[in-house]
Amino acid sequence: MPSARELLDRVERHCRADHTATRLRQMVLADLHAAVPFDGHVFTLTDPVTRIGTSPVADLLGMRLARLPELIRLRYLTVTTRWSDLLDRGIAATSLRVDTGGDPARSRVWREVLRELDVFDTATVVFGDRYGCWGFLELLRKSPRAFDPTQLTTLAALAAPITRGLRTALGRTFVAEEGEPAPAGPAAVVLGPDLRMRGQTPAAAAALLRLNPPHEAMPPIPNSVYNAGAALLAAEHGAPVGPPWSRVHLGGARWLTVRADRLGTEDIAVSLAPSTLAERLDLFGRAHTLSTREAQVLGLLAAGLESPHMATDLGIPEHTVNDHVKAILTKSGVRTRQGLLARALGIT
């Protein structure tokens, strides 16, 4: 079994490497299992602004996929060990047994789903920084053995490097590929109060396939759609995680925005449409750690303004604008303004 220091060193190396977010999570889970044993896991990316889940890497202990909407709905409705609440409380990692004072029945998701899966304890780690919330990890244990304080300390120490790794991996997605298909949408799916599908627009089938590749053994509705619907329900029940929308990576430089809204008294409409220019620029700026002023300069660049006009709009000297542009180029790893805009806007 590796020591905590050895585990941290390995994870930091993974996070510095040129991995996709999916590959990074897989490698972290493999190393983590040897140091902090677990039986199942959910390692989910989140939109940095809304904190709504998008793309999971999961092993749910053989749970039937038909129960996935129920699990997601209850996870958003259960404040105990919820990633958004841990972030608000400044807690990097905790466990179900710790957060409930040794009484897991205080957790609704445990009472109604996890107990049936023989889960004895869970450990949750949240990955957030000043630029947003980038994901969370939940480890599930079936054996009657809780996560101990030393293991929770080990998990908490991994939060910072994994946060940087996930954020950087998403920053690398802003590279368009030749012949890249257009993002799916606009389309809409109608969910019932239990998050099960009740209907969809004609364009939704193609949109959902792009979110949920057909070769993967997953239900017809992607995780991101369920998460948006669950976020809406949580807000309506007075336990909000964040606004019920998220930006989902489709591959290449393509990003799709998934947004839930109330449709009548029972149904939920979830729309899927290509992310707007503003949504892309915000995500690009956060992923590349741009300051507030640098993000403003990037927005003006995207609007087609040259340095003199940007200086006038911002009320700062032109040489300061150029300094900001240089900083943006350095952080995003490109050499020219044209290359920067190509990445930020997804232009081949």
Side-chain angles (χ1 to χ4, degrees), residues 1-5 7-8 11 25 28-29 31-44 46 51 53 56-64 67-128 133 135-160 162-163 227 230-231 233-235 237-242:
M1 178 180 295
S3 68
R5 180 69 256 178
L7 174 64
L8 181 59
V11 168
R25 286 177 286 168
V28 167
L29 286 167
D31 284 339
L32 189 57
H33 194 275
V36 184
F38 54 89
D39 300 299
H41 61 267
V42 179
F43 200 161
T44 298
T46 57
R51 309 188 291 191
V57 171
D59 177 355
L60 293 173
L61 304 173
M63 186 191 77
R64 293 183 296 109
R67 298 199 68 184
L68 184 60
E70 177 188 11
L71 175 64
I72 293 175
R73 178 177 63 85
L74 292 173
R75 191 65 190 93
Y76 276 76
L77 291 172
T78 303
V79 174
T80 304
T81 71
R82 197 171 61 176
W83 64 98
S84 57
D85 296 81
L86 297 185
L87 194 61
D88 290 340
R89 290 156 54 191
I91 297 175
T94 191
S95 70
L96 176 63
R97 297 273 164 175
V98 168
D99 226 35
T100 60
D103 181 13
R106 290 169 54 189
S107 164
R108 184 178 176 185
V109 69
W110 185 85
R111 292 197 312 269
E112 299 187 30
V113 178
L114 298 182
R115 177 164 55 182
E116 296 177 27
L117 299 175
D118 296 324
V119 172
F120 183 80
D121 198 10
T122 67
T124 304
V125 192
V126 63
F127 306 112
C133 179
F136 66 90
L137 168 64
E138 290 188 341
L139 303 178
L140 314 177
R141 271 190 179 168
K142 295 182 69 173
S143 59
R145 182 164 54 90
F147 289 93
D148 62 45
T150 299
Q151 292 170 333
L152 294 179
T153 298
T154 296
L155 292 173
L158 300 177
I162 293 176
T163 297
N227 274 263
L233 292 175
H237 282 78
V241 170

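Heavy atoms only: backbone and side chains are in, while hydrogens, waters and symmetry mates are out. Here, residue 1 is the first one in the sequence, and each next residue gets the next number.
Both cation-pi conditions hold for R141 and F147: the charged atom is under 6.0 angstrom from the six-membered ring centre and inside a 45 degree cone around its axis. With a 6.0 Å cutoff to the six-membered ring centre and a 45° limit on the axis angle, R97 counts as a cation-pi contact of F120.
Expressed to the nearest 0.5 Å, how far CG of L140 lies from CG of L117 amounts to 8.0 Å. The line from OH of Y76 to CZ of R108 is 15.5 Å long, rounded to the nearest 0.5 Å. To the nearest 0.5 Å, atoms NE2 (H41) and CG (L137) are separated by 8.0 Å. Within the model, atoms CZ of R64 and CG of L60 stand 12.5 Å from one another, a figure rounded to the nearest 0.5 Å. Between the CG atom in L29 and the CG atom in L139 there is a gap of 7.5 Å [rounded to 0.5 Å]. In this structure, the separation between CG on D85 and CG on D99 is 9.0 Å, given to the nearest 0.5 Å.
Partners of V11 by side-chain contact (heavy atoms from CB on, under 4.5 Å), not counting sequence neighbours, listed by chain and number: L7, C15, V28, L158, I162.
In this model, a donor atom of one side chain and an acceptor atom of the other lie less than 3.5 Å apart for T81 and R75.
Looking at heavy atoms from C-beta onward, V109 lies out of side-chain contact with L77 at the 4.5 angstrom threshold. The side-chain heavy atoms of L152 and S95, taken from C-beta on, include a pair separated by under 4.5 Å.
Here the closest non-hydrogen pair linking P240 and G238 is CD-C, 3.4 Å. When all heavy atoms of F38 and H33 are compared, the closest pair comes out as O-NE2, 2.8 Å. The two residues R145 and D121 have their closest heavy-atom pair at O-CB, 4.4 Å. Residues T46 and G135 approach most closely at OG1-N, 3.0 Å, considering heavy atoms. Closest approach of A234 and R82 over heavy atoms only: CB-NH1, 4.3 Å. The shortest heavy-atom contact between L96 and S107 is CD1-CB, 3.7 Å.
With hydrogens and angles disregarded, a donor-acceptor distance shorter than 3.5 Å links the side chain of Q151 to the backbone of D148. The main-chain N or O of W110 is never found under 3.5 Å from a side-chain atom of R115 such that the two would form a donor-acceptor pair. Counting only distance, with no hydrogens or angles, the side chain of R51 and the backbone of V241 share a donor-acceptor pair below 3.5 Å.
Considering F136, F127, W83 as possible partners of F43, the one that fulfils the ring-ring contact (aromatic ring centres under 6.0 Å, His included) test is F127.
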Q) Please walk me through it: do E70 and R67 pass salt bridge (charged side-chain N to carboxylate O under 4.0 Å, His left out)? A) CA-CA 5 Å; E70 177 188 11; R67 298 199 68 184; 3.0 Å; yes
Q: Could you please spell out the steps behind the side chain to side chain contact (heavy atoms under 4.5 Å, CB included) verdict for T44 and E138?
A: CA-CA 9 Å; T44 298; E138 290 188 341; over 6 Å; no
